[in-house]
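Shown next, in structure tokens, is the structure this report addresses.
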Amino acid sequence: MRVYNFSSGPSTLPLPVLERAAAEMTDANGTGQSVMEMSHRSGDFKPIIEKTEALLRELMGIPSNYRVLFLQGGASLQFSMIPLNLAAREAGSPKKRASYVETGIWAKKAAEEGAKYADVAVLASSKDRDYTYIPPAPAPDPGDAFYHITLNNTIVGTKWDKLPETGPVPLAADISSCILSEPLEVSKFGILYAGAQKNLGPAGTTVVIIREDLIGRAPSWTPALLRYDISAGEGSMYNTPPCYGIYIMGLVLEWLKGLGGVAAIGEVNRKKAELLYSYLESSRIFRSPVEKPFRSLMNIPFIVSGTDPENRKDLETRFVREAAAEGLVNLAGHRLVGGMRASIYNAMPREGVRALIAFIEKFEKKEGKK
Ligand SMILES: *Cc1c(COP(=O)(O)O)cnc(C)c1O
């Protein structure tokens, strides 16, 4: 039996995608091989990577002056690659300034890594209230190399309700946990990146969408594998790309297109999130810790309200354990923040959210009787 998997990542994939991959496992497209066994430079694999890119461009409406790269190293490697390529200088020269807004643990990590290659200015932070809101974003210096934000904060469950005004400074955004979840205007950004394991496919592939004029700015000492110009010049094939992950991503994108694309899934996602948030509003035991205008559609944390910390921890542990026993798995919050968290990415069906709500309701009745 398949469970409803609320993991924040790697996360649930659409069942039709898994079934198709299984059917094609030993013989993909009549080649007599699995995609895993193909040479990445062969005529068998070329249409797969081309199809994946074309679908991503179509679904996201990526303008022609942007390049799409399929890299490795996860979203975390982009914390290094962006400052390295855009703000680092030749040995001996001062680093360029880059602006960051700290809206959570990933955003903080990005800024910390950035400080190795850029003169980092953290313009705003929401740490004072445990990252439960998005702070007003100050303008950057016009000379900044880039302005980095985490569009959806996976761990705390916030998202930017409107983008910062950055003028001529390229906006760089981590969209790992919200890519393709609702419409996004790519032309507002200089660079977008996402690890695949939230909304795109299996772990191991990172998608980078970069405006052409930002390519080719890396200092000469940059390692070849970390240079955007080399990846772009070689069509993401400077070395062996994550072939199987790119193939599964293509199947996920095909599935999404079949559902009507990003606008259609955005509507579904809004409804799914609304169901859960509105239930939490009326809950006698649980509540959302996130301020209303900034609530994520993808990651929905909830905590036990009131009660003393001991009792709270006990209730939360029981909730996660009992939910898992009923096939609702991976509901524990991030190890650094505790509580519960339901990640409801594109591939989580509405029935999964309904099943979760029904479980919460049952749990509350049982606990209320004590
Ligand atoms: C998961 C996640 C990351 C880390 O991704 P890796 O691919 O494991 O490096 C970074 N940022 C955000 C917003 C995430 O959700």
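Whatever order the structure lists them in is the order used to number ligands and atoms, beginning at 1.
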Inset, instruction - Please step through side-chain hydrogen bond (donor to acceptor under 3.5 Å, both in side chains) for the pair Glu361 and Tyr279, ending with a clear verdict. - result: CA-CA 9 Å; Glu361 215 168 351; Tyr279 184 82; 4.9 Å; no
Inset, instruction - Output, in order, the C-alpha distance, side-chain angles, deciding distance and verdict of salt bridge (charged side-chain N to carboxylate O under 4.0 Å, His left out) for Glu367 and Arg284. - result: CA-CA 10 Å; Glu367 293 300 323; Arg284 284 174 296 127; over 6 Å; no
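In this structure, Glu53 contributes its side chain and Leu69 its backbone to no donor-acceptor pair below 3.5 Å.
A salt bridge links Lys51 to Glu254: at least one charged side-chain nitrogen sits closer than 4.0 Å to a carboxylate oxygen.
With ring centers used as reference points, Tyr4 lies 6.0 Å or more from Phe359. Two rings, from Phe319 and Phe286, have their centers less than 6.0 Å apart.
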Would you tabulate the polar-atom pairs, meaning N/O of ligand 1 against N/O of the protein, with distances under 3.5 Å, reported to 0.1 Å?
from: ligand 1; atom 1: 7 (O); to: Ala75; atom 2: N; distance (Å): 3.0
from: ligand 1; atom 1: 7 (O); to: Gln197; atom 2: NE2; distance (Å): 2.9
from: ligand 1; atom 1: 8 (O); to: Gln197; atom 2: NE2; distance (Å): 3.4
from: ligand 1; atom 1: 9 (O); to: Ala75; atom 2: N; distance (Å): 3.2
from: ligand 1; atom 1: 9 (O); to: Ser76; atom 2: N; distance (Å): 2.8
from: ligand 1; atom 1: 9 (O); to: Ser76; atom 2: OG; distance (Å): 2.6
from: ligand 1; atom 1: 11 (N); to: Asp174; atom 2: OD2; distance (Å): 2.6
from: ligand 1; atom 1: 15 (O); to: Thr154; atom 2: OG1; distance (Å): 2.4
from: ligand 1; atom 1: 15 (O); to: Lys198; atom 2: NZ; distance (Å): 2.5

